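All remarks here apply to the structure that follows.
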Amino acid sequence: MRCWTPNKLRALKGKKRFATVTCYDATSAALIEALGDTSDLPLVLVGDSLGMTMQGNDSPLPVTLDHMVYHTQCVARVLRTPMLIADMPFGSYQACDEDGFRNALRLIQEGGADGIKLEGGERCASLIHQLVEAGIPVCGHLGLTPQSCLAMGGFKVQGRNPEAAQRLLHDAKILENAGCFSLVVEGVPASLGKAVSEALSIPVIGIGAGADTDGQILVWQDLLGLNLGHVPKFARAFACLGEQAIHGLRTYCAAVAEGTFPATSECYE
Ligand code: KIV
């Protein structure tokens with residue numbers, strides 16, 4: 001069992017803002033654990049954004065349940081302290097609740113996740129209820145839901161007009177009543193991020209949803225400056241690891257070409 005649980009996370013509501021981050025591999029999980037104190041980082045997500053960050057696709061749609069199980073296992077072997085949740089990928093829960101239930105079990109039993117995240121409002125309520133009844137913590141996801149990128153015509157900010165904002169608030173309350181322990185709200189105006197956070201008693205985790213949500217989440221590569229492609233407006237790079245990696249590669253190549261690597265101390269006698 002990891003240290004952070006849904007109850008501890010819920011207890012942060014109104015008391016402390018927290019950060020969360022995506023993670024897809026063991027090396028990154030070890031860096032998170034190396035923080036020592038994870039009181040400000042209680043939750044880690046194996047997001048289906050790995051379709052872009054790890055697989056090079058332009059959306060999460062090609063990500064399969066097997067991919068999610070594999071990456072969740074990689075993180076789960078190393079992560080000890082924050083709660084670990086994994087995304088239900090596109091197609092793993094939309095057809096029927098039976099599919100959704102069975103597939104969520106795989107992320108817990110095979111993947112080693114402590115809970116799952118899925119996208120959608122009212123239509124997911126019965127599945128969420130079943131999962132929660134069976135003891136599987138569920139995090140909802142509303143607003144810009146990347147698995148709906150075909151229907152949305154791309155990755156577009158949602159909830160901009162009053163009707164859409166009301167619908168999102170309505171869905172958020174339904175997800176809370178269905179038993180979600182937290183809710184991700186992505187790509188909505190800051191005022192709506194604030195309104196959802198104020199309307200719910202579970203923690204609302206924002207990404208591109210303004211400064212007034214209970215928590216924030218960023219994609220690992222965006223947060224550490226490893227994303228050399230398009231960086232969304234809401235993402236801030238808190239380190240420049242991409243630049244450092246390129247510098248490291250250049251320096252290594254030069255050392256090999258000059259014959260200064262390996263040095264005598266780096267050779268076996
Ligand atoms: O897949 C993902 O990484 C996500 C977060 C960005 C919220 O859903």
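In this chain, residues are counted from 1 in sequence order. Quick caveat, the model's predicted, so the values are computed rather than measured. We count ligands from 1, going down the list as the structure has it; atoms in each ligand are counted the same way.
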Determine whether the side chains of Gln158 and Glu186 contain a donor N or O and an acceptor N or O closer than 3.5 Å. no
Among Asp97, Ile136, Ile108, which residue satisfies the side-chain contact (heavy atoms from CB on, under 4.5 Å) criterion with Leu131? Ile136
For ligand 1, list all ligand N or O to protein N or O distances below 3.5 Å, rounded to 0.1 Å.
residue, atom, partner, partner atom, Å
ligand 1, 1 (O), Asp48, N, 3.2
ligand 1, 1 (O), Asp48, OD1, 3.0
ligand 1, 1 (O), Ser49, N, 3.0
ligand 1, 1 (O), Ser49, OG, 3.3
ligand 1, 1 (O), Asp87, OD2, 3.1
ligand 1, 3 (O), Ser49, OG, 2.5
ligand 1, 8 (O), Lys117, NZ, 2.8

Please tell me whether Asp212 and Ser197 have a donor and an acceptor in their side chains that are separated by less than 3.5 angstrom. no
Set of residues satisfying side-chain hydrogen bond (donor to acceptor under 3.5 Å, both in side chains) with respect to Asp58, sequence neighbours excluded: none
Just by distance, with hydrogens left out, do Glu119 and Ser148 show a side-chain donor and acceptor under 3.5 Å apart? no
Assess whether a salt bridge exists between Asp48 and Lys117, defined as any Lys/Arg side-chain N lying under 4.0 Å from an Asp/Glu carboxylate O. no
